[in-house]
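Below: one structure, written as structure tokens.
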There are 2 protein chains.
Amino acid sequence: MDTGYFNIHWYPLGTMKGNAFDPNCPTRLVLDRIGDKWSVLVVLSLSSGPRRFTQLRDTIGGITPKVLTQTLRAMERDGLLIRTVFAEVPPRVEYALTPLGQSLQSPIGAVAAWAEENVEAVIAARERAPV
Amino acid sequence: MDTGYFNIHWYPLGTMKGNAFDPNCPTRLVLDRIGDKWSVLVVLSLSSGPRRFTQLRDTIGGITPKVLTQTLRAMERDGLLIRTVFAEVPPRVEYALTPLGQSLQSPIGAVAAWAEENVEAVIAARERAPV
DNA sequence: CTGGATCCATTTGGATACTG
DNA sequence: CAGTATCCAAATGGATCCAG
């Protein structure tokens, strides 16, 4: 597969020339995946080491098994984590970040940190806004 | 308004203690907004200065006027950008990042850079995966 | 324990056409 | 130019129950 996009690089802010702006660029697909709310929380959860399905479900408040499964499968397909099944009873399945997934910790951590630092400002702006 | 969450801070990766994991924490809302595909592209577009509606629509490939409007309005409500209407004919409306919005450039830039750098790896993993 | 299967409400966003 | 209005298809995600 060759989309012709793989060798295009980002430019410094202010001189940026598209790429992600092109709807056909695969960067869009990647942005969608890592921009997903649940994916972000999964990466955060796995930052401290491998976790089991139930651990993740309990850690990430409000996620249903179905959605968690979908998220994990998608991230596995994208090479962000690996799923290891132990042949035991009861079954045990462990999820762990791959090196690729680990490389996501920093940028995602930056976004999460921003969110935490600026929740107050955003909420304030939201309440200041006319209904 | 006091949700009781505003003074909780992030912990270093590995000792993180929740917060964004709580479904009731406003951090979730903020993550949703800045994690949005279109919001990311708008921030990127406005990084080099104010832009008009049509400029944004043309720059961001594949976005419809309706969705662009929705995105801009939401970001305005959240204090990320300001909308300036000039009383001219034909009408002119300019969008510019607020200081808060500008502070998003760095984390969003990090995520976008990651996406660009790892598109190849992600696509490769995706194609390696069983159908 | 780890999900798969099913059903369903809601949301999202795309296409298209139209207006102050 | 800068949107609105309308309609609608598809995807998202939640609830619930079931199974290897």
Side-chain angles (χ1 to χ4, degrees), chain A residues 20-25 28-42 45-46 50-78 81-96 129-130, chain B residues 20-24 28-29 31-42 45-46 50-78 81-96 126 129-131:
Chain A
F21 295 120
D22 187 328
N24 299 121
C25 177
R28 281 277 183 94
L29 299 174
V30 177
L31 269 182
D32 281 354
R33 163 119 348 280
I34 64 182
D36 176 60
K37 169 174 63 174
W38 300 121
S39 299
V40 169
L41 295 176
V42 167
S45 299
L46 293 180
R51 291 287 182 274
R52 303 178 59 172
F53 187 87
T54 308
Q55 287 180 308
L56 289 172
R57 193 186 53 195
D58 294 343
T59 303
I60 303 174
I63 196 170
T64 61
K66 171 188 159 188
V67 173
L68 180 56
T69 300
Q70 286 175 352
T71 304
L72 292 171
R73 291 287 196 271
M75 293 178 68
E76 189 188 10
R77 264 199 312 277
D78 286 355
L81 57 78
I82 48 173
R83 176 173 178 272
T84 309
V85 183
F86 297 88
E88 307 172 353
V89 279
R92 181 163 61 101
V93 180
E94 269 192 4
Y95 297 88
Chain B
F21 296 120
D22 186 326
N24 297 122
R28 282 278 182 94
L29 299 176
L31 269 183
D32 280 355
R33 163 124 340 284
I34 65 182
D36 175 58
K37 168 174 64 171
W38 300 122
S39 299
V40 169
L41 295 177
V42 167
S45 298
L46 292 181
R51 291 287 183 272
R52 303 176 61 171
F53 186 86
T54 308
Q55 288 180 309
L56 288 173
R57 192 186 54 196
D58 293 344
T59 303
I60 304 173
I63 195 170
T64 61
K66 172 187 158 188
V67 174
L68 179 56
T69 299
Q70 285 174 352
T71 304
L72 291 171
R73 291 284 197 275
M75 293 178 68
E76 189 188 8
R77 264 199 310 277
D78 286 356
L81 57 79
I82 48 171
R83 176 174 178 271
T84 309
V85 182
F86 295 88
E88 305 172 359
V89 278
R92 182 162 62 102
V93 180
E94 271 192 3
Y95 296 89
R126 216 174 270 186
V131 182

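Within every chain, numbering begins at 1; the chains are lettered A, B, ... in the order of the sequence lines, protein sequences first and strands thereafter.
- Ranking dG14(C), dG3(D), dT2(C) by closeness to the Trp38(B) side chain, first place goes to dG14(C).
- Annotation: the span from Asp36(A) atom CG to Leu31(B) atom CG amounts to 10.5 Å, rounded to 0.5 Å.
- Put simply, Arg57(A) has no side-chain N or O that comes within less than 4.0 Å of OP1 or OP2 on dT2(C).
- The CD atom of Glu94(B) sits 9 Å away from the P atom of dA2(D) (whole-angstrom rounding).
- The side chain of Arg83(A) places no N or O atom within less than 4.0 Å of a non-bridging phosphate oxygen (OP1 or OP2) of dT2(C).
- OP1 or OP2 of dT4(D) has at least one side-chain nitrogen or oxygen of Arg73(B) nearer than 4.0 Å.
- Atom CZ of Arg57(A) is separated from atom CZ of Arg51(A) by 15.5 Å, given to the nearest 0.5 angstrom.
- In terms of modelled atom types and a separation under 3.5 Å, the side chain of Ser39(A) and the main chain of Arg33(A) share a donor-acceptor contact.
- Leu41(A) has its CG atom 12 Å from the P atom of dG13(D), to the nearest Å.
- Rounded to whole Å, the distance from CG on Leu72(B) to P on dA2(D) is 11 Å.
- Looking at which nucleotide of DNA chain D each of Pro91(A) and Thr69(B) is closest to, the 5′-most match is held by Thr69(B).
- Side-chain N/O atoms of Tyr95(B) include none lying less than 4.0 angstrom from OP1 or OP2 on dC1(D).
- The distance from atom CG of Leu68(A) to atom P of dC1(C) is 14 Å, rounded to the nearest whole Å.
- Residue Thr54(B) places at least one side-chain N or O under 4.0 Å from the OP1 or OP2 atom of dA2(D).
- Residue Arg77(A) comes nearest to Ala129(B) through the heavy atom pair CG-CB, 3.9 Å, listed as atom of the first residue, atom of the second, then distance.
- Contact annotation for Arg92(B): backbone-only contact, meaning every heavy-atom pair under 4.0 Å involves sugar-phosphate atoms and none involves a base.
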Between the protein and nucleotides 7-10 of chain D, list every N/O to N/O distance that falls short of 3.5 Å.
none

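- Taking atom CZ of residue Arg51(B) and atom P of nucleotide dC1(D), one finds them 16 Å apart after rounding to whole Å.
- Distance CD (Glu88(B)) to C1' (dG20(C)): 16 Å, rounded to an integer number of Å.
- If you take OG1 on Thr71(B) and CG on Leu56(B), they are separated by 10.5 Å, rounding to the nearest 0.5 Å.
- A straight line from CD1 of Ile60(A) to P of dG3(C) spans 14 Å, rounded to a whole angstrom.
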From CA spacing to verdict: side-chain contact (heavy atoms from CB on, under 4.5 Å), Tyr95(A), Val42(A):
CA-CA 10 Å; Tyr95(A) 297 88; Val42(A) 167; over 6 Å; no

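- Between the CG atom of Leu56(A) and the C1' atom of dG3(C) there is a distance of 13 Å, given to the nearest Å.
- The two atoms that bring Arg126(B) and Asp78(A) nearest to each other are NE-OD1, 2.7 Å, heavy atoms only.
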